[in-house]
Amino acid sequence: MAEVLVYVDHVDGAVRKPTLELLTLARRIGEPVAVFLGAGGDAAAALLGEHGATRVLTADAPEFADYLVVPKVEALQAAYQAVSPVAVLVPSSAEGKEIAARLAVRIESGIITDAVDLEAGDEGPIATQAVFAASYTTKSRVSRGTPVITVKPNSAPVEAAPAAGAVETLTVSFSDAAKGTKVTARTPRESTGRPELTEAAIVVSGGRGVNGAENFSIIEKLADSLGAAVGASRAAVDAGWYPHSNQVGQTGKSVSPQLYIASGISGAIQHRAGMQTSKTIVAINKDAEAPIFELVDYGVVGDLFEVVPQLTAEVEARKG
């Protein structure tokens, strides 16, 4: 069976959930071959093998940490040349999209970004995308070269499928261009204890209707009761009520959780573009004519300052 390269997204050796989702999708079109760059590949191989990786190509070099994405691109290119895969799958993070785009240029292939599903086709893998602010669903395939596809988190289930997970060393030679931009400092992001926004199964977002940074605690309490991530609309971010790193929308982050709760968000097209592929959408807004109600599965017409605390209390009561 043909092989599929899967780029492993990890933090200090800990494999992130979107990579395991990619392994699920990769098995639909071939045999997954994971590419792990940096320290910890041998330890991660067992987990990758449990989720379908027949082989794990590992490379550890200081260049991966000391410089920006080009060393990773060159390593992935080396893996591509060694394997000759039918496709290359990369998580749809900001870094993942840059790696995918640079790789596609180098191997002279087409690229598909933000896929939400993947299936085998007679002429190559077929990717499903939500386009035009998720107003349409398209099925696409690359017509030139080996498809490079980035996949949005939460697009596929994490499924165990034990495979060999045999570790093999990947030999990489870095060009001078790979060392053109050096990382001079890193500052760890302050942890909130909540899940990563783009990976969370549940997201609770607040918008203009929250009416102030001090009121976002209402949104946070509901999120914490559900074990959810906290999001914000552009209006809330522009007003300085919540960090840009939590913005959901066309100029923020794109999310696709199992459950999305929008509180005090009108539903402008900019916001809808970042959350419309969520599996179940709930909106709370006192304006019954708000555009957000056009796309929700469940809508609550009411004051969020009354509805959200009651919802939080009910969640906590059921948990207790």
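- Within a 6.0 Å radius of CD in Glu123, other residues, nucleotides and ligands contribute 12 heavy atoms or fewer.
- The distance from the CG atom of Leu22 to the OG atom of Ser155 is 9.0 Å, given to the nearest 0.5 Å.
- Side-chain contact check for Gln310 versus Val307: every heavy-atom pair is 4.5 Å or farther apart.
- Annotation: side chain of Phe305 is not in contact with side chain of Lys286 (no heavy-atom distance under 4.5 Å).
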Under the criterion side chain to side chain contact (heavy atoms under 4.5 Å, CB included), I'd like the reasoning laid out for Val8 against Leu37: C-alpha separation, chi angles, the key distance, then a yes or no.
CA-CA 7 Å; Val8 177; Leu37 307 178; over 6 Å; no
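- By the neighbour-count criterion of 12 heavy atoms within 6.0 Å, atom NZ of Lys17 is densely surrounded, having more than that number from other residues, nucleotides or ligands.
- Side chains of Leu226 and Val315 form a contact here, defined as non-hydrogen atoms less than 4.5 Å apart.
- Inspection of the Asp114 and Ser92 side chains reveals an N or O donor paired with an N or O acceptor under 3.5 Å.
- Closest non-hydrogen pair, Val248 versus Gly274, comes out as CG1-O, 3.7 Å.
- More than 12 non-hydrogen atoms from other residues, nucleotides or ligands lie less than 6.0 angstrom from CZ of Arg194.
- Side-chain atoms of Thr113 never come within 3.5 Å of backbone atoms of Thr150 as a donor-acceptor pair (strictly under, hydrogens ignored).
- In this structure, Ser205 and Met275 have side chains that are not in contact, with every pair of non-hydrogen atoms separated by 4.5 Å or more.
- Between Pro85 and Val33 the shortest side-chain heavy-atom distance does not fall below 4.5 Å.
- For Lys97, the NZ atom is densely surrounded, since the number of other residues' heavy atoms within 6.0 Å is greater than 12.
- Note: Phe174 and Phe64 have perpendicular aromatic rings, judged against thresholds of 30 and 60 degrees for the angle between ring planes.
- Of all heavy-atom pairs between Leu197 and Val255, the closest is O-CG1, 3.7 Å.
- The closest side-chain heavy-atom distance from Val83 to Leu57 is below 4.5 Å.
- Here the CZ atom belonging to Arg106 is positioned 8.5 Å from the CG atom belonging to Leu103, to the nearest 0.5 angstrom.
- Note: Leu118 CG to Ile149 CD1 = 5.0 Å, rounded to the nearest 0.5 Å.
- Closest non-hydrogen pair, Thr198 versus Pro153, comes out as O-CB, 3.1 Å.
- If you check the side chains of Gln270 and Arg234, you find no donor sitting under 3.5 Å from an acceptor.
- The CG atom of Asp238 sits 7.5 Å away from the OG1 atom of Thr251 when rounded to the nearest 0.5 Å.
- When each of Ile218, Ile261, Val230 is tested with Val204 by the rule side-chain contact (heavy atoms from CB on, under 4.5 Å), just one qualifies, namely Ile261.
- Within 6.0 Å of atom CD in Gln81, more than 12 heavy atoms from other residues, nucleotides or ligands are found, so the atom counts as buried in its surroundings.
- The shortest heavy-atom contact between Leu48 and Ala34 is CD1-CB, 4.0 Å.
- Residues Pro91 and Arg16 fail the side-chain proximity criterion, which asks for heavy atoms closer than 4.5 Å.
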